[in-house]
Structure formats: C-alpha cells, structure tokens
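Here's the structure, in structure tokens; my notes come after.
For ligands, and for the atoms within them, numbers begin at 1 and follow the listed sequence. This structure is a prediction, so every number in the text was calculated from the model and none was measured.
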Amino acid sequence: MSNQTTPRLTIARPDDWHVHLRDGDILRAVLPYTAKSFARAIVMPNLQSPVTTTEKAKSYRDEIIAATPAGIKFTPLMTVYLTDTTNSEDVIKGHARGVLTAAKLYPANATTNSIYGVTHIKAISQVLEAMQGAGMPLLVHGEVTDPDVDIFDREAVFIDKILRPMRKDFPELKIVFEHITTQEAVDYVREEGAKAPLAATITPHHLLINRNAMFQGGIRPHYYCLPVAKREKHREVLVKAATSGAGMFFLGTDTAPHTRTAKESACGCAGIFSAPNALALYAQVFDEAGCLPHLEAFASRNGPAFYDLPVNKELITLEKIDQPQGDIKPILTGNGQQIVEFAPPSPSTWRIATS
Ligand code: NCD
Ligand code: ZN
C-alpha cells in the first residue's frame, strides 16, 4: 500500500475457482466481467444441457474462448458434470489431455440444473477411485437434498452423511468443498485440510450477507442462492476463515447469473451474479477485517497451490475510494434481458484501479 489518502493494494492477478458462465447470450454478456478481474476460472458444468463428457467440455471451452473479448487474456478451466452413469475412462482421459481440470458433484436436485446429478455416491465409486489415482480434484456441492432436512441444515448434514464417509473411502482424493456457508464446514475444512487434500471456496456474498438479507422489508430474490445464506454467527466465522490467509480457503465467487425475470418470479432461481464487483467486495471485507495483507493468499495463491498450477505473473491493483460506488445498473444481454448484479448491504468502498 502506498499513499495515505488513497490506499492501494497490488497483488498477483487472482483466479476465480467457481463461476457459472452459462452459454449463448448470457455467456457473452457476463464473461467480460469475470475476465476483467480474473486470469483463470473454474467453469461450472451445469448448463441446461449439462457438460457430462470431455467432448462437451471441449466444445463449451471453444464457445467461451470465442466469447472472450479481444485483447483480454483469460483461461477457462473446464469441469465435467458427474452423473450416475459417468464413464470414468472418459473423465480420466479428459483430465490427462488437459481438457478437464476437475469433476463436479451435484447431488441430484440440490441446485440449479442438477436434475441429472448423482443420486447416490456408490454410483460414482469407480469414477472417484480413478480420480483419486489420477490426482484429479472433485468439486462438491455440499448439501443433502432430503426434503425432511431443513434447508439451513443441509450443508452441516452433508458433512456427516456424505463427506466424512466419502473421504474415509477415498482418503487421497483431492476435494474442494464449494461455497461453504457454515461454522461446521469451516471447522471441518480447517481441521481436515491441514492434513489431507481438502480445501474450500468462499463467496463474496456469504462474507457480506446473512439470511436476514433475503427478508429485509419483503422478499429479496436477488439475495437468494444455494447454499442459502445462514445466520450472522456463520457469516462471522466465514470472514475469519477467509481473511486468515490459511491455505485451505480460497476465492470462488459462485457468480451465478439468471435473468431478472427468472429471479423475480413466483419460483425464482437460486444464484447471485457478483462477477462485476466480486473482487472489490472481497477487498472491502479484508480491509474491514484488518487483514488486507492476506488478500493475495486467498485470491491469488491458495487456489493455484491446491490445483498445482502456477501463480499468475501479471499483477492487479485495487484502490480504496472516498466516494462509495453509486447505484448499480443491471447489465443487458444481447437479446435485451436484464441481469441484476449483487448489491452489497453497504456500497463498495474498493475498486480495481485503472492505472
Ligand atoms: C448456481 C446456479 O445458478 O447455477 N446457483 C446458486 O445459487 N449458487 C448453482 C450452484 O452453485 O449451486
Ligand atoms: Zn455454483
């Protein structure tokens, strides 16, 4: 950090270890925002027609590259969507060929476009065994789907019912517990991640809002995502974990664009679109916690270390602003649909510096 009036922070260019870029018009509208802040991103495979094979991942990657704005260096890291009938050979070959970086486990019906997800872990034992052998990471949406389990408990129950037994069967399997939201998840990852290949991503919105945000004066669909935001005490634990700089926690925005009409509906979609302001909001959280020196570990170093990738050589500078950012305008897709950006509870006090 340099001069006192405008604090600035220069860090290695970060990566986003969890994004939903969608396809078609939405992809073209949202991709420039992710590519502006992040050098690489782990691209989630939950398209309406999910990315279930290496071939599909390859053509999706081509579509993303074609949609990347000219002059911007951005590398999409592809994932494959696991189903009960995934072919382990295809997954391992896709990884060996450098097409697939990881595989994503959606428990069937856990979230957006997860109907083809895994119905029981036994169905993918062979795939997990092969991934463990190949050192290929498994990315986990960690919520049980049993309707009898309260929605606010689904992550904690997942740890005991699914994750612990799975890790017992596959102790060397590299696992990222995606978008964690609870004290239980933080405690589990902190303890286990110190001795085994287990890490977690944390989103900007789970660092900034608790579950009250969804009901502030009425129903607020743009604060609805999965896993759903939890109580304030969980948010506070997440902030401590993220800002600690500990290697098992890293940046994953889970930016998840849906059109305004799909969000503002009698049955609105889960997902928060944070790509435009995510990096600035992380800086704000770290600043408020007095932990700015740990931002680079969380945003730019811990992820590559887990994925065995080099840290980006380019740098990015963030600066604190005197006048918080004003109203956020929705972005528009090519066919005129609006996508509403995440509005933090208080306006952002950081931004990416232009020079
Ligand atoms: C994501 C989406 O819309 O694809 N939604 C969300 O609320 N996070 C899916 C997911 O990551 O659960
Ligand atoms: Zn997601």
Side-chain angles (χ1 to χ4, degrees), residues 15-24 26-27 29-31 34 38 41-52 60 64 76-82 101-118 137-145 151-152 154-155 158 162 175-182 185 199-209 211 213-214 219-230 238 250-265 267-275 278 303 333 337 339-342:
D15 305 296
D16 187 343
W17 301 98
H18 187 130
V19 301
H20 299 271
L21 293 176
R22 316 300 190 205
D23 51 6
I26 298 190
L27 167 67
V30 302
L31 177 60
T34 291
F38 302 103
I42 286 276
V43 181
M44 290 295 140
N46 64 330
L47 300 181
Q48 253 164 16
S49 168
V51 181
T52 48
Y60 185 30
I64 295 167
L77 303 173
M78 307 311 290
T79 61
V80 66
Y81 179 119
L82 298 178
T101 298
K104 180 72 191 274
L105 165 60
Y106 289 106
N109 302 314
T111 187
T112 306
N113 297 336
S114 62
I115 45 168
Y116 306 105
V118 174
L138 176 74
L139 316 183
V140 175
H141 183 108
E143 288 190 287
V144 292
T145 54
I151 189 163
F152 293 99
R154 287 182 190 172
E155 183 175 280
F158 182 89
I162 314 281
I175 298 177
V176 183
F177 193 171
E178 298 289 340
H179 42 48
I180 58 170
T181 61
T182 56
T201 51
I202 304 181
T203 76
H205 44 279
H206 290 116
L207 294 172
L208 284 161
I209 61 168
R211 63 191 197 174
M214 284 180 295
I219 186 94
R220 303 272 185 167
H222 298 289
Y223 288 138
Y224 173 57
C225 65
L226 287 169
V228 72
K230 307 296 191 300
L238 290 168
F250 47 83
L251 186 159
T253 62
D254 193 20
T255 178
H258 293 276
T259 62
R260 185 196 274 274
T261 42
K263 291 288 293 173
E264 298 176 7
S265 138
C267 187
C269 293
I272 292 178
F273 173 56
S274 63
T333 68
Q337 298 264 22
I339 297 173
V340 179
E341 177 185 333
F342 175 54

Seminar exercise, completed: Taken by chain and residue number, the protein N/O/S atoms under 2.8 Å from the Zn ion (ligand 2) read His18 NE2, His20 NE2, Asp254 OD1

Exercise. Of the choices Thr253, Thr112, Thr111, which has the non-hydrogen atom that lies closest to atom 10 (C) of ligand 1?
Worked result: Thr111

Problem set entry | Note, Ile209 side chain near Phe342 side chain (heavy atom, < 4.5 Å) | yes

Exercise. Is there a donor-acceptor contact under 3.5 Å from the side chain of Ser114 to the main chain of Ala110?
Worked result: yes

For this session: Considering the heavy atoms of Cys225, write down every atom of ligand 1 situated less than 4.0 Å from one of them.
Result: 7 (O)

Exercise. What are the atoms of ligand 1, with element, lying closer than 4.0 Å to any heavy atom of Gly271?
Worked result: 5 (N), 6 (C), 7 (O)

For this session: Show your working on side-chain hydrogen bond (donor to acceptor under 3.5 Å, both in side chains) between His222 and Arg260 and close with a plain yes or no.
Result: CA-CA 9 Å; His222 298 289; Arg260 185 196 274 274; 4.7 Å; no

Problem set entry | Whether Met44 lies under 4.0 Å from ligand 1, heavy atom | no

Exercise. Between Tyr60 and Arg22, is there a donor-acceptor pair closer than 3.5 Å when you use the side chain of the first and the backbone of the second?
Worked result: yes

Exercise. In terms of residue, atom name and distance, what is the protein heavy atom nearest to atom 8 (N) of ligand 1?
Worked result: Asp254 OD2, 2.7 Å

Exercise. Glu178: heavy atom below 4.0 Å from ligand 1, yes or no?
Worked result: no

For this session: For the pair Asp16 (side chain) and Phe38 (backbone), establish whether a donor and an acceptor sit closer than 3.5 Å, ignoring hydrogens and angles.
Result: no

Exercise. Can you list the atoms of ligand 1 that are under 4.0 Å from a heavy atom of His179?
Worked result: 11 (O)

Problem set entry | Spacing of OG1 belonging to Thr34 relative to NE2 belonging to His20, to within rounding of 0.5 Å | 11.0 Å

Seminar exercise, completed: Filtering Thr255, Asn113, Leu226, Ile272 for the heavy atom nearest atom 6 (C) of ligand 1 leaves Leu226

Problem set entry | Qualifying residue for side-chain hydrogen bond (donor to acceptor under 3.5 Å, both in side chains) with Thr201, from His206, His179, His18, Glu178 | Glu178

Exercise. Got a donor-acceptor contact below 3.5 angstrom from the Lys263 side chain to the Gly271 backbone?
Worked result: yes

For this session: Hey, can you tell me if Tyr106 and His141 have their rings parallel, tilted or perpendicular (30° and 60° cut-offs)?
Result: tilted

Problem set entry | Minimum heavy-atom distance Val140-Lys104, with the two atoms named | C-CE, 4.1 Å

For this session: Give yes or no for whether the N/O distance cutoff of 3.5 Å, strictly under, is met between Arg22 and ligand 1.
Result: yes

Problem set entry | Donor-acceptor under 3.5 Å (Thr181 side chain, Lys230 main chain) | no

Seminar exercise, completed: With heavy atoms and a 4.0 Å threshold, my read on which part of Ala270 contacts ligand 1 is both

For this session: Compare His141, His18, His20 and give the one whose heavy atom is closest to atom 1 (C) of ligand 1.
Result: His20

Exercise. So, the side chain of Glu155 versus the backbone of Thr182: is there a donor-acceptor pair under 3.5 Å, distance only?
Worked result: yes

Seminar exercise, completed: In terms of its nearest heavy atom to atom 4 (O) of ligand 1, the top option of Asn46, Thr203, Leu139 is Asn46

